[in-house]
Amino acid sequence: MDVIVCVKRVPSTTTRVVIGGDRKSIDPTGVEFLLNPYDEFAVEEALKQRDAAGGGTVTAVSFGTAEAQKELRTVLAMGADAALLLQSAQAPLCDGATTARALADAIRGRKFDLLFFGKQAVDMDQHGVGPAVATLLGVPCISEVVHLEVKDGKVTAHREVEGAHEIVEAPLPCAVTAQKGLNEPRYATLKGIMAAKKKPLDVVDASVGEPLVEIVEMKMPPPRAAGKMVGEGPEAVPALVQLLKHEAKVL
Amino acid sequence: MGSVLVVLEVRGGKVRPASMEALGAARTAAELTGGGTVTALATDAAEVDASALGAAGADQVLVANTEQHSSDGAAATAARVAREIGAGAVFLTATIRGRDLLGRIAALLNTGFVPDCIELGAEGGKLHFVRPVFAGKALIRVRINGPVAVASFRPNFFRGAGRSATAAIQKTTAEPGKAVVTGLSGERKGRPDVAEATKIISGGRGMGGPENWHLIEAVADAVPGMATGASRAVVDAGWRPHEEQVGQTGKTVSPELYIAAGISGAIQHLAGMSTSKVIVAINKDKEAPIFQHATYGVVGDVHQVLPKLADELKKASSP
């Protein structure tokens with residue numbers, strides 16, 4: 001079973017966002033970058049499926065800056081066999097469609113049975129890169145998957161929808177975007193980290209030209225109006241409910 | 001710009017309410033760019049209400065002839081119809097279904113996509129979209145350089161056009177797809193999902209343990225349509241299922257009312273709920289960061305405050 005998993009280097013979710021001097025991106029000063037949390041589920045599932053099939057390869061692909069080699073090494077340390085960095089200075093804030101083109105161009109022509117993504121990257125929150133890459137490659141895609149079975153050339157997946165799980169079937173090769181709950185991602189062991197240093201990590205230039213979606217400006221959300229401390233303990237509750245009913249009018 | 005295509009959200013043969021908001025946004029987009037028609041498309045067979053869809057903004061409604069949803073099939077149907085009507089924009093709902101289709105439709109139309117818009121405008125006849133990034137810690141204003149503007153709209157930010165008009169209904173053919181929905185499992189009945197609810201109460205670590213969740217449930221029971229949510233700490237501890245998680249690695253919500261009980265207000269939680277209209281914080285630590293984001297704050301122990309809140313809300317909700 002040959003598996004490709006697409007990953008992204010993103011700012012940690014504890015980041016306090018400060019707008020950069022260009023007013024179009026964040027100021028990276030002091031920001032901790034790591035592997036996109038949803039990609040951890042994607043990587044774990046890729047490794048599990050390779051191992052369950054009794055052989056094959058897992059190749060990690062990232063469209064990112066030179067620094068994203070660190071996240072690709074993390075994926076190699078978790079157990080992937082090879083990595084490919086599509087290097088571009090534009091990558092971090094690139095729109096989903098442009099990112100999808102870069103990834104699809106690199107994946108086209110490579111053999112794979114399964115293609116994994118995190119369901120979204122927690123920086124640009126687009127949710128669309130996995131489905132777009134699959135569409136460009138002409139393979140089916142099941143998004144936001146929490147349970148996956150692969151058997152007899154067919155994928156059966158459960159995906160989270162509002163208030164239920166949808167059961168979806170598709171033939172291989174197939175793309176899957178991973179939602180939290182799909183599995184428990186493993187940690188890289190010391191042995192894995194040592195082994196990762198010797199695994200192949202190819203870097204190729206991936207200039208994408210003018211992006212399909214242009215950021216005109218990035219700004220902070222408008223501040224919320226100052227709140228009211230209603231009081232302390234259960235005694236404050238009647239006043240709170242009156243405010244919700246008559247001032248905020250939400251009851 | 002020409003016409004706008006709105007892909008309706010259909011599940012179980014019914015059009016979901018967020019679709020009406022996308023139709024309203026489509027009407028606005030058509031007006032901002034010099035006029036044009038709005039076509040609504042149900043990519044799966046659905047009962048459609050010509051007057052409700054017309055009022056929300058649709059001039060015509062196309063209904064496809066498949067009972068079985070396929071994501072790649074639905075995207076292909078939408079892209080074909082977009083080409084047939086010469087659409088300058090394709091709008092969807094920023095829901096799980098919409099998210100699934102957005103990137104695919106853009107890929108088929110060889111253009112860019114903008115998810116989760118909260119504001120719509122135009123400059124020089126070209127649409128501009130505002131959307132949150134970093135789970136709402138920042139906003140970006142963007143324009144699409146491709147031939148068609150493909151965008152989805154976050155629920156609770158737009159309204160149907162409120163016109164007095166009736167849409168013309170026509171049938172269309174569904175494209176086949178490789179990935180097909182064969183059924184549903186684990187349907188949660190009774191309470192709405194946090195992603196769709198207009199009122200939410202969420203519990204955090206301050207709840208003390210999963211055995212105290214009946215306090216959250218009692219408040220939700222007192223308000224019709226209230227959903228229950230949870231913080232990441234609580235989900236990671238296994239107290240609550242992931243589908244209830246609100247925050248940067250859970251669901252991003254914008255309800256009318258959000259009650260945070262025993263939630264300190266970690267930045268990744270705030271990111272997922274800070275666009276709620278009214279935020280109530282209940283926490284025994286008066287220094288908890290959540291109070292800086294709350295419309296109304298009550299300092300107190302959730303074990304005492306929540307039962308009283310359930311009682312008072314019940315009284316307030318009954319006529």
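So you know, we letter chains A, B, ... as the sequences are listed, proteins then strands, and number each from 1.
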_Check B:R99 with A:E144, please: is the shortest side-chain N to carboxylate O separation under 4.0 Å?_
yes
*Most heavy-atom pairs under 4.5 angstrom with chain B, which of A:P171, A:P131, A:P223?*
A:P131
*So which of A:M218, A:E169, A:E232 has the biggest tally of heavy-atom pairs under 4.5 Å with chain B?*
A:E169
*asked:* Measuring only between side-chain heavy atoms, which start at C-beta, is A:H127 closer than 4.5 Å to B:P115?
replied: no
_Heavy-atom contact with chain B under 4.5 Å, split by part of A:A100_ = neither
*Contacting moiety of A:K119, where chain B heavy atoms sit under 4.5 Å*: side chain
_What I'd like to find out is whether the side chain of B:Q268 reaches to under 4.5 Å of the side chain of A:V122, using heavy atoms alone._
no
*Taking non-hydrogen atoms and a cut-off under 4.5 angstrom, which of residues 155-165 of chain A neighbour chain B?*
A:H158, A:R159, A:E160, A:V161, A:E162, A:G163, A:A164, A:H165
*asked:* Counting heavy-atom pairs under 4.5 Å with chain A, which one of B:L102, B:V130, B:T111 comes out on top?
replied: B:T111
*asked:* Between A:V250 and chain B, with a heavy-atom cut-off of 4.5 Å, which part of the residue counts as in contact: side chain, backbone, both or neither?
replied: both
*Under 3.5 Å, side chain of A:K228 to main-chain N/O of B:A294, donor-acceptor pair present?*
no
*Is it the side chain or the backbone of B:A138 that comes within 4.5 Å of chain A heavy atoms, both, or neither?*
both
_When A:A121, A:C141, A:A104, A:A239 are compared by non-hydrogen pairs under 4.5 Å with chain B, the top option_ = A:C141
*Is there a donor-acceptor pair under 3.5 Å between the side chain of B:K308 and the backbone N or O of A:A236?*
no
*Between A:V17, A:V230, A:D123, A:V133, which shows the greatest number of heavy-atom pairs under 4.5 Å with chain B?*
A:D123
*Under 3.5 Å donor-acceptor, A:E217 side chain and B:I140 backbone*: no
*Does a side-chain heavy-atom distance below 4.5 Å link A:V18 with B:K137?*
no
*Using a cut-off of under 4.5 Å on heavy-atom pairs, state which of A:I26, A:I142, A:T98, A:I19 scores highest against chain B.*
A:I26
*Can you tell which part of B:R11 gets under 4.5 Å to a heavy atom of chain A, answering side chain, backbone, both or neither?*
side chain
*Inter-residue atom distance B:N145.CG - A:E214.CD, 0.5 Å rounding*: 5.0 Å
*Specify which of B:I144, B:L257, B:D100 makes the most heavy-atom pairs with chain A at under 4.5 Å.*
B:D100
_Euclidean distance, B:N110 CG relative to A:L212 CG, rounded to 0.5 Å_ = 7.5 Å
*Decide yes or no for A:D95 and B:V142: does some side-chain heavy atom of the first lie under 4.5 Å from some side-chain heavy atom of the second?*
no
*Based on non-hydrogen pairs under 4.5 Å, which of B:D193, B:D72, B:L139 is most in contact with chain A?*
B:L139
_What part of A:P211 gets within 4.5 angstrom of chain B, counting heavy atoms only: side chain, backbone, both, or neither?_
backbone
*Is any side-chain N of the basic residue among B:E312 and A:K245 closer than 4.0 Å to the acidic one's carboxylate O?*
no
*Would a distance-only check, ignoring hydrogens and angles, find a side-chain to backbone donor-acceptor pair under 3.5 Å from B:R143 to A:I215?*
no
_Heavy-atom cut-off 4.5 Å, strictly under: side chain, backbone, both or neither for B:S274 against chain A?_
backbone
_As an exercise: rank B:H69, B:E187, B:K178, B:H242 by heavy-atom pairs under 4.5 Å with chain A and give me the winner._
B:H242
_Minimum side-chain heavy-atom gap B:Y296-A:L244 below 4.5 Å_ = yes
*Heavy-atom pair of closest approach, residues A:V213 and B:G112*: CG2-CA, 3.8 Å
_Contact origin within B:E123 toward chain A - heavy atom pairs under 4.5 Å_ = neither
*Of all heavy-atom pairs between B:V305 and A:P234, which one has the smallest distance, and what is that distance?*
CG2-N, 3.9 Å
*Top of A:A170, A:A225, A:P238 for chain B proximity - count of heavy-atom pairs under 4.5 angstrom*: A:P238
*asked:* Whether the side chain of B:R131 engages the backbone of A:Q126 through a donor-acceptor N/O pair (distance < 3.5 Å, no angle test) should be reported.
replied: no
*Could you tell me which of B:V180, B:V133, B:D301, B:L306 has the largest number of non-hydrogen atom pairs under 4.5 Å with chain A?*
B:V180
*For chain A, find which of B:A106, B:S71, B:A135 contributes the most heavy-atom pairs closer than 4.5 angstrom.*
B:A135
*Heavy-atom distance under 4.5 Å to chain B: side chain of A:L240, backbone, both or neither?*
side chain
*Those residues of residues 37-44 of chain A, ordered by number, that approach chain B below 4.5 Å (heavy atom to heavy atom)*: A:P37, A:Y38
*Within a strict 4.5 Å, meaning less than it, do heavy atoms of the A:V241 and B:L309 side chains meet?*
yes
_chain B contact via A:Q242 - side chain, backbone, both or neither, heavy atoms under 4.5 Å_ = neither
*Heavy-atom distances under 4.5 Å only: say whether B:V181 touches chain A with side chain, backbone, both or neither.*
both
_Contact residues of residues 280-293 of chain B (partner chain A; heavy-atom separation under 4.5 angstrom)_ = B:V280, B:F291, B:H293
_Does anything in residues 172-184 of chain A reach chain B? List residues with heavy atoms under 4.5 Å apart, or say none._
A:Q179, A:K180
*Test salt bridge (charged side-chain N to carboxylate O under 4.0 Å, His left out) on A:E166 and B:R97 and set out the steps.*
CA-CA 11 Å; A:E166 229 170 38; B:R97 177 64 56 80; 2.8 Å; yes
